[in-house]
Amino acid sequence: MPQCLELGRDAAREGEVPVGAIVLFGGEVLARGREASRSSLDVTAHAEVMAIRQAARAKGTVDLSGCTLYSNVEPCVLCSYAIRRSSFDRVVIGMPTAALGGVTSRYRILVPPELPGFGAPPIVVQAVLLEECTALMDKHMTG
């Protein structure tokens with residue numbers, strides 16, 4: 001999670017929302033991503049999606065079974081869909097977002113046991129370094 005926070009700080013310095021994500025495989029960092037929607041003019045350039053794209057290229061497959069995705073902010077519905085379709089084993093989240101999050105909102109894409117066309121949901125671990133993750137987002141929101 002400390003690496004996600006640092007990636008989030010990097011994104012914030014570039015005028016982005018302070019979100020960072022990493023993908024681990026076999027205990028090693030396979031991929032990193034940070035928010036880039038504004039700078040890339042690509043609304044899908046979320047930190048988690050960027051990390052998933054890089055991890056898939058590194059593994060040579062979109063099947064990311066055996067991988068864990070870390071994000072300092074709860075993945076949104078878009079990212080949660082990508083996480084489920086990529087078959088991650090675990091997702092570790094810093095702070096919840098509630099409104100459009102894939103775990104805590106009414107669009108619980110990451111947690112239902114059965115969704116047509118999806119494999120098993122990942123194990124979700126929440127509130128890791130919650131205070132630090134919340135402080136980074138609060139700083140961004142208050143300017």
Side-chain angles (χ1 to χ4, degrees), residues 1-25 28-130 132-143:
M1 194 60 67
Q3 290 184 46
C4 294
L5 287 163
E6 188 55 42
L7 289 164
R9 287 184 201 99
D10 291 346
R13 281 191 284 275
E14 295 179 10
E16 301 284 352
V17 177
V19 182
I22 62 169
V23 175
L24 266 65
F25 180 66
E28 300 292 325
V29 175
L30 182 64
R32 292 174 177 81
R34 65 181 188 211
E35 194 72 19
S37 296
R38 293 175 181 155
S39 61
S40 67
L41 301 177
D42 178 356
V43 297
T44 69
H46 293 193
E48 299 89 344
V49 170
M50 303 300 278
I52 290 168
R53 289 174 182 163
Q54 189 180 91
R57 284 191 297 271
K59 283 192 77 184
T61 179
V62 295
D63 181 358
L64 299 177
S65 299
C67 292
T68 299
L69 183 132
Y70 286 77
S71 179
N72 59 304
V73 177
E74 176 184 356
C76 71
V77 174
L78 168 82
C79 296
S80 296
Y81 174 86
I83 291 165
R84 271 304 284 270
R85 293 302 278 181
S86 299
S87 302
F88 276 87
D89 286 357
R90 268 176 30 131
V91 176
V92 180
I93 299 166
M95 66 168 276
T97 57
L100 290 174
V103 177
T104 62
S105 77
R106 68 181 193 170
Y107 310 106
R108 298 168 46 93
I109 294 171
L110 288 178
V111 292
E114 294 183 25
L115 283 175
F118 288 83
I123 294 166
V124 176
V125 178
Q126 299 182 64
V128 174
L129 296 183
L130 176 61
E132 294 91 333
C133 294
T134 302
L136 179 59
M137 189 59 71
D138 287 349
K139 182 178 177 182
H140 170 74
M141 299 303 281
T142 59

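Below, each value reflects all heavy atoms present in this structure, side chains not excepted, and no hydrogens, waters or symmetry copies.
- Using a 4.5 Å heavy-atom threshold, the side chains of Leu130 and Pro96 count as touching.
- The main-chain N or O of Gly8 is never found under 3.5 Å from a side-chain atom of Arg34 such that the two would form a donor-acceptor pair.
- Separating the CZ atom in Arg90 from the CD1 atom in Ile83 is a distance of 13.0 Å, to the nearest 0.5 Å.
- Within the model, atoms SG of Cys79 and CD1 of Ile109 stand 10.0 Å from one another, a figure rounded to the nearest 0.5 Å.
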Practice task
Let me see the working for Phe25 and Lys59 under side-chain contact (heavy atoms from CB on, under 4.5 Å), right down to the final yes or no.
Solution key: CA-CA 10 Å; Phe25 180 66; Lys59 283 192 77 184; 3.7 Å; yes
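- The SG atom of Cys4 lies 4.5 Å from the CD1 atom of Ile22; values are rounded to the nearest 0.5 Å.
- With hydrogens and angles left out, the side-chain atoms of Glu48 and Ser71 include a donor and acceptor closer than 3.5 Å.
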Practice task
Could you walk me through whether His46 and Glu35 pass side-chain contact (heavy atoms from CB on, under 4.5 Å), step by step?
Solution key: CA-CA 5 Å; His46 293 193; Glu35 194 72 19; 3.6 Å; yes
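- Between Ser105 and Thr97, the closest side-chain pair of non-hydrogen atoms is not below 4.5 Å.
- Judged by distance alone, the side chain of Arg84 and the main-chain N or O of Phe118 form no donor-acceptor pair under 3.5 Å.
- Panel note: side chain Ser86, backbone Phe88; no donor-acceptor pair is recorded below 3.5 Å.
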Practice task
Begin from the C-alpha positions of Arg85 and Val62 and carry the test side-chain contact (heavy atoms from CB on, under 4.5 Å) through to its verdict.
Solution key: CA-CA 8 Å; Arg85 293 302 278 181; Val62 295; over 6 Å; no
Exercise for the section: Evaluate the criterion salt bridge (Lys or Arg N to Asp or Glu O under 4.0 Å) for residue pair Arg13 and Glu6; output intermediate values, then yes/no. Expected result: CA-CA 11 Å; Arg13 281 191 284 275; Glu6 188 55 42; 3.2 Å; yes
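- Looking at Ser65 and Asp63, their side chains do bring a donor and an acceptor atom within 3.5 Å of each other.
- The minimum heavy-atom distance between Met1 and Val92, with the atom names listed, is CE-O, 3.8 Å.
- Across Ala51 and Ala31, no two heavy atoms sit closer than the pair O-CB, 3.3 Å.
- Of the possible polar contacts, one joining the Asn72 side chain to the Pro18 backbone as a donor-acceptor pair under 3.5 Å is found.
- By the 4.5 Å heavy-atom criterion applied to side chains, Met95 and Leu129 are not counted as neighbours.
- Rounding to the nearest 0.5 Å places OG1 of Thr104 at 7.0 Å from CD of Gln126.
- Note: Leu30 CG to Thr68 OG1 = 11.0 Å, rounded to the nearest 0.5 Å.
- Ala45 and Ser40 get closest at one heavy-atom pair: CB-OG, 3.5 Å.
- Taking CG of Leu64 as the reference point, atom CG of Leu69 lies at 9.0 Å (rounded to 0.5 Å).
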Exercise for the section: Walk me through it: do Glu16 and Asp10 pass the test side-chain contact (heavy atoms from CB on, under 4.5 Å)? Expected result: CA-CA 9 Å; Glu16 301 284 352; Asp10 291 346; over 6 Å; no
